[in-house]
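Remember, it's 1-based here, ligands and their atoms both numbered in the order they're listed.
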Amino acid sequence: MKAILSLTFISFFILLIGCSTQSEKVDVEQEIEAILKQLTLKEKVDLCHAQSKFSTKGVARLGIPEIWMSDGPHGVRAEIAWDSWDQLGWTNDSCTAFPALTCLAASFNEKLSYKYGKAIGEEARYRKKEVLLAPGINIYRTPLNGRNFEYMGEDPYLASKMVVPYVKGVQGNGVAACVKHFALNNQEKWRGHINVNISERALREIYLPAHKASVIEGGAWAIMGAYNKFRGQHCCHNEELNNKILKGEWGFDGVVISDWGGVHDTKEAALYGMDMEMGTWTDGLHKTKYNAYDNYHLAMPFYEKIKNGEIDESVVDDKVRRILRLMYRTCLNKERPLGSFATQEHFNTAREIAQEGIVLLKNENNFFPINPEAKLKIAVIGHNATHPMTIGGGSSELKTHHEISPLEGIKARFKNAEILYSMGYSAGIGKWWTELPSPYNADSLKTEALKVAKEADLVLFIGGLNKNLHQDSEGTDRKSLNLSYGQDELIEELNKVNEKVGVILVTGNAVAMPWINQVDAVLQTWYLGSEAGNAIADVISGDVNPSGKLPFTFPVRLEDNGAISFGELSYPGDSINQYYKEDIYVGYRWHETKNIKPLFAFGFGLSYSDFEIKESKISKKQFSSGEKLIVNCTVSNTGTIDGAEVVQVYIGKVNSKVDRAVKELKGFKKVFVKGNNDELVSVTIDIDELAFWNEEIDGWELEKGEYFIAIGNSSDNISTQIPFEVN
Ligand code: GLC
């Protein structure tokens, strides 16, 4: 009888909602409470853990839908099997591969980040996913981290500003962004358990800001718990991170989804903020063939502990409220758009992001741009000229509708040129979990490449890293800062047989460049996705004027990196613990404080034009808490070619009572300026953003006294410095 009554009640309730006029904003929270009352304990518990590799149960009895999730940050992954990591081989899931997030960060263009989020969200919506497991925003701590390519660089302010529009763009489609990995997953080595020891100040000033911005400004509906430990507790069930900071201080009302296999304990998962357990490989006792979903920590073990009173039912109710809220924002949201998939519009967006993220690092003897109409003999040398990069790399792998290789893009644009390709070196047959030796003989590849290069008018060496094991990939870190497969030697040899060599790097990480003084030009192109070759051709032909800026420092040597310089306990740790000994001094903060000149600095990037930042002024000289500091300047394009510049605003404290970096990024704006023209630029900074985390008061403190503002187009190229006071 009760079942019939409840069924009647709930169907009546859904009917009521259904016929409520569109204008009436039904109170979701009321609906959630009404549904909660109808659920059995088993149904509530079932909502809190996976039913398959990438989905969780709904409540079939009440017509409450399942939740489906998909990777990843650069595109919607091919459909994965129910119980394994295998792709199902569908023929309707070939997506748009957007550029990696390092490329997006390098654009320093927040509008483009929104465009990115909207487009990838449309693809996730069309593929019927409620949650997109993206974006990744872990801070770039060392150049060895295998997954840096998926993230937004070394600076918390840049990452904070670029993550918000992406989240909003995705969620505008009625798809939840699931911002990852919360928190301190800054390496792949021992990622499943390494215990990060870090000062509260470094945590708050460097590693949390982008997560905080994604929740408070971005309104993220989901957060992914990281694999590693923080202060002795797994991040997926970490009382300090999830209860105190995320759901307490930041007021996060969404769901915490575990990384796949990141949950290790029922009671901790129940009590320390885990809402949806995914990807657990065992039932805690032994490996099972099909992941034994009922044996998940938040499955029967959780159910039993509630039944026997060890855990209060209010604990599961809080999780269910969050999960139902996620549903009302996604699969139960009647207003959400319909999405779109692998459209020309999305390929155009991918190409635009790639164009704006490519960074010109060196350009002498007017090497770039290369006249696309000229009858030139161009030698294109290097495995990365043809090697597909959308596959591999781990969970961000994609089955894309197409991937234009650099060689294809160059051939398509330089129609009058004779393009001579030679592999030069081979990266082997790599996957992200194994590496097979290359079937090619390295010497013969080199000999052939040198012969081709000798007879060419100019050489484009296209190399870098790839998505193989110990390159740029999930699960393993790199072993060196140098390029692999003999590329450094090959570049030096090429330079001996042809004086006009330009290097095009395809990487998601910084690399050493022992040959930097021998080559004419270096172009840093990221993993650019479906339109990679076209975007590279757009830039090297001059169709597009490069405007990207480095989102992380390129050190000359590995030991110039802060984390690395403190030795094994700092990186990668002793396999149990690691200590972030460089503390707040990450990236340019380290280089500038220790006076270690980088190979290329954070924020650096050349253009085919020349820009001047002048007439910089600030709104006044004295500021108080709660006020805004406004910087106005004029950006002159003193060249003839239209282009874009990024005005970067750094701020430093004079005679601070605490240790601080020399200066920190607190504002930026990208501005497009026609040749021989000026544009006015205004950047606004909240004075309270200058506060430092004072561990004595366990809170932010805005230190009074003298500061300076440094305005420039790179962290190592400041055009104006202006003093001001905070009183
Ligand atoms: C992986 C990754 C995470 C990904 C998840 C699902 O281990 O760490 O980023 O979203 O599992 O593939």
Side-chain angles (χ1 to χ4, degrees), residues 49-56 67-88 93 95 100-102 120 124 127 129-139 145-152 163 166-167 170 175-194 196 210-211 214 220-229 234-236 255-264 274-282 291 296 391-399 431-433 467 469 472-477 508:
H49 64 85
Q51 68 165 358
S52 76
K53 190 58 86 177
F54 282 96
S55 74
T56 56
I67 290 177
W68 281 85
M69 319 175 180
S70 173
D71 290 309
H74 309 146
V76 181
R77 195 176 185 179
E79 196 66 17
I80 300 289
W82 188 267
D83 270 326
S84 77
W85 291 103
D86 299 332
Q87 294 188 8
L88 281 179
D93 58 353
C95 67
L101 295 189
T102 37
I120 195 173
R127 288 268 284 109
K129 304 303 177 185
E130 277 70 50
V131 183
L132 179 69
L133 303 169
I137 53 168
N138 292 96
I139 289 293
N145 176 23
R147 290 187 83 174
N148 280 329
F149 73 96
E150 288 186 58
Y151 305 146
M152 296 187 179
V163 68
Y166 181 111
V167 168
V170 169
V175 172
C178 180
V179 185
K180 65 192 187 182
H181 306 84
F182 188 62
L184 299 159
N185 178 188
N186 302 103
Q187 68 188 48
E188 288 303 288
K189 194 165 176 62
W190 301 317
R191 66 172 177 167
H193 62 271
I194 194 73
V196 175
H211 293 284
S214 71
W221 296 338
I223 292 289
M224 186 185 293
Y227 278 128
N228 52 284
K229 287 182 178 179
H234 274 283
C235 290
C236 281
V255 297
V256 176
I257 297 173
S258 76
D259 202 338
W260 269 237
V263 173
H264 300 272
M274 177 42 56
D275 300 309
M276 296 174 96
E277 176 186 0
M278 304 301 294
T280 302
W281 288 288
T282 76
N291 291 318
Y296 271 36
I391 56 175
S395 58
S396 62
E397 64 168 7
L398 294 173
K399 177 170 83 171
K431 295 278 179 198
W432 63 285
W433 62 87
K467 301 291 190 67
L469 203 69
D472 277 332
S473 83
E474 179 177 340
T476 56
D477 283 347

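- For W260 and F54, the distance between ring centers is under 6.0 angstrom.
- No part of K53 comes within 4.0 Å of ligand 1, judged by heavy-atom distances.
- At the top of the distance list for atom 1 (C) of ligand 1, counting protein heavy atoms only, stands E474 OE2, 3.2 Å.
- Between A226 and C235, the shortest heavy-atom distance links the atoms O-CB, 3.4 Å.
- Between the side chain of N185 and the backbone N or O of Q187, at least one donor-acceptor pair lies under 3.5 Å.
- Taking the six-membered ring where tryptophan is involved, the planes of H234 and H264 are essentially parallel, since the angle between them stays under 30° and well short of 60°.
- Put simply, no part of M69 is less than 4.0 Å from ligand 1, judged by heavy atoms.
- Atom numbering of ligand 1 starts at 1 in the shown order; those under 4.0 Å from a heavy atom of R191 are 7 (O), 8 (O).
- Protein heavy atom in closest approach to atom 4 (C) of ligand 1: D71 OD1, 3.4 Å.
- In this structure, the protein non-hydrogen atom closest to atom 7 (O) of ligand 1 is Y227 OH, 2.7 Å.
- One N or O on the side chain of E188 and one on the backbone of G475 form a donor-acceptor pair closer than 3.5 Å.
- Residue contacts with ligand 1 leave out E150, since none of its heavy atoms falls under 4.0 Å from the ligand.
- Close approach of ligand 1 to K180 is summarised as follows: ligand atoms under 4.0 Å from at least one heavy atom of the residue are 3 (C), 4 (C), 9 (O), 10 (O).
- Under a 4.0 Å criterion applied to the non-hydrogen atoms of F54, ligand 1 contributes the atoms 6 (C), 12 (O).
- The pair E79-K53 does not count as a salt bridge, with every side-chain nitrogen at least 4.0 angstrom from each carboxylate oxygen.
- Taking atom 5 (C) of ligand 1 as the reference point, the nearest protein heavy-atom neighbour is D259 OD1, 3.4 Å.
- Protein heavy atom nearest atom 9 (O) of ligand 1, with residue, atom name and distance: H181 NE2, 2.7 Å.
- In summary, the side chains of R147 and T476 do not present any donor paired with an acceptor at a separation below 3.5 Å, with no hydrogens or angles considered.
- When each atom of ligand 1 is checked for a heavy atom of R77 under 4.0 Å away, the hits are 12 (O).
- Rounded to the nearest 0.5 angstrom, H181 NE2 and S258 OG are separated by 11.0 Å.
- Taking a 4.0 Å cut-off on heavy atoms, M278 fails to register as neighbouring ligand 1.
- Nearest approach of A124 to V175, heavy atoms of both residues: CB-CG1, 4.0 Å.
- Numbered from 1 in the order shown, with element, the atoms of ligand 1 that lie under 4.0 Å from a heavy atom of W85 read 12 (O).
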